[in-house]
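Excluded from the calculations below are hydrogen atoms, water molecules and symmetry mates; all remaining heavy atoms, backbone and side chain alike, are included. Naming convention: chains lettered A, B, ... in sequence-line order (proteins, then strands); numbering from 1 in each chain.
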There are 2 protein chains.
Amino acid sequence: MTTQDTIEISAPAGDRVIDTGKTFDAPPARVFRAYVDPEQIPKWWGPAYLTTTIDALEPHHGGRWHFVQTDPDGNVHGFRGVFHDVIDDERITWTFEYEGAPGHISLESISFEPTADGGTRVSTHAVFQTVEARDAMMTAGAESGMREGYERLEALLSDG
Amino acid sequence: MTTQDTIEISAPAGDRVIDTGKTFDAPPARVFRAYVDPEQIPKWWGPAYLTTTIDALEPHHGGRWHFVQTDPDGNVHGFRGVFHDVIDDERITWTFEYEGAPGHISLESISFEPTADGGTRVSTHAVFQTVEARDAMMTAGAESGMREGYERLEALLSDG
């Protein structure tokens, strides 16, 4: 497996969803940890030019999360939500809200499935309340951010 | 306004949503309270033949909720989720999971808008992760349950 491994991002026209997927050369427990460890998330979550600060991360039913990203000019972008479910090494389901567009909330599940060769298939499925909110998220650069995030996560996992 | 006032329930074929709406002859603060008061919810939430017990109700960002309904034969149906947001007298956004179909989670917003004549327009917008899960919820009797719930809520509000 190499960094050329496929990243899939799908947002069908007229639907309310964004689906993504990527396979990693590390077991589910290791990949899962990168999603719930406040030390690791800033190393891969979104584009590298943004500095990510973990203000809250409570990975359990009812737990809150709040991440803040700062760009080189000092502009701040906050993201927040609550965890509906965290099943260790298997699935996270949380709500997601960009504080720059308050009130537009999505529900996302992140699944970690073991592959036959000891890797992990990560699949994300986000549903938005409206097609317009889904489209706005894509227009705002979600696709490139998710793509770079996956690439950075792959690099992090290959470091052990 | 009478109990003949229209109840709207919409679940367009092939989409992931259930939308409902009804106008009540009581101000938003009063109607909102019926949604977050553990004493009032059992008096109107769902069909009257079920006994609803409030196991958890924490109406704030990150708060949990867990309601249990028991039928006359002793069968138990649990529902649970977390609150993403609670804006007093305006909007509740929460996740929703029927424990009989674990892992099928929806995100629902409940809006309370004042009407010109002092009443409240309640609108709910629920998005499901899949069309199949949405359809299963409708097939399971959600529509009649929501309709009877609205009728019971109207009766409760008319009691003052």
Side-chain angles (χ1 to χ4, degrees), chain A residues 10-20 55-66 78-87 90-99 101-113 123-135 137, chain B residues 10-20 55-66 78-87 90-99 101-113 123-135 137:
Chain A
S10 162
D15 202 348
R16 303 166 192 274
V17 299
I18 301 176
D19 289 293
T20 79
D55 176 55
L57 180 64
E58 303 160 357
H60 58 81
H61 182 63
R64 298 167 305 119
W65 68 273
H66 184 215
F79 302 86
R80 68 168 203 149
V82 294
F83 289 94
H84 177 92
D85 257 341
V86 178
I87 302 171
E90 285 185 25
R91 195 180 69 227
I92 294 165
T93 305
W94 66 2
T95 62
F96 184 105
E97 181 178 18
Y98 169 48
E99 293 177 319
H104 295 288
I105 301 148
S106 55
L107 177 70
E108 184 178 36
S109 281
I110 305 164
S111 300
F112 305 85
E113 286 176 283
S123 307
T124 72
H125 178 62
V127 289
F128 291 74
Q129 294 173 302
T130 63
V131 177
E132 293 70 25
R134 194 284 310 263
D135 288 347
M137 180 65 74
Chain B
S10 162
D15 202 349
R16 304 165 191 275
V17 300
I18 301 175
D19 289 293
T20 79
D55 176 55
L57 179 64
E58 303 161 356
H60 59 81
H61 181 63
R64 298 168 304 118
W65 68 273
H66 184 216
F79 301 86
R80 67 169 203 148
V82 295
F83 288 93
H84 178 92
D85 257 341
V86 178
I87 303 172
E90 286 185 25
R91 196 180 66 227
I92 294 165
T93 305
W94 67 1
T95 62
F96 185 104
E97 181 179 18
Y98 169 48
E99 293 178 320
H104 296 287
I105 301 149
S106 56
L107 177 70
E108 183 178 38
S109 282
I110 305 163
S111 301
F112 305 85
E113 285 176 283
S123 307
T124 72
H125 179 62
V127 289
F128 291 74
Q129 294 174 303
T130 64
V131 177
E132 292 71 25
R134 195 283 310 263
D135 288 348
M137 180 65 74

Mind ranking A:Gln129, A:Glu58, A:Glu97 by heavy-atom pairs under 4.5 Å with chain B and telling me who comes out on top?
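It is A:Gln129.
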
If you count heavy-atom pairs within less than 4.5 Å of chain B, which of A:Ile105, A:Val17, A:Thr93 leads?
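The residue among A:Ile105, A:Val17, A:Thr93 with the greatest pair count is A:Ile105.
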
If you round to the nearest 0.5 Å, how far is NE2 of A:His84 from CZ of B:Phe96?
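It comes to 10.5 Å.
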
If you tally heavy-atom pairs under 4.5 Å against chain A, which of B:Arg91, B:Glu108, B:Arg16 wins?
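Winner by heavy-atom pair count: B:Arg16.
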
Per-residue contact mode, A:Arg80 against chain B (heavy atom under 4.5 angstrom):
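Contact with chain B involves both backbone and side-chain atoms of A:Arg80.
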
Just so I know, are the side chains of B:Leu107 and A:Val127 near enough to count as touching, which here means a heavy-atom distance under 4.5 Å?
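In short, these two side chains do not touch, never coming nearer than 4.5 Å.
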
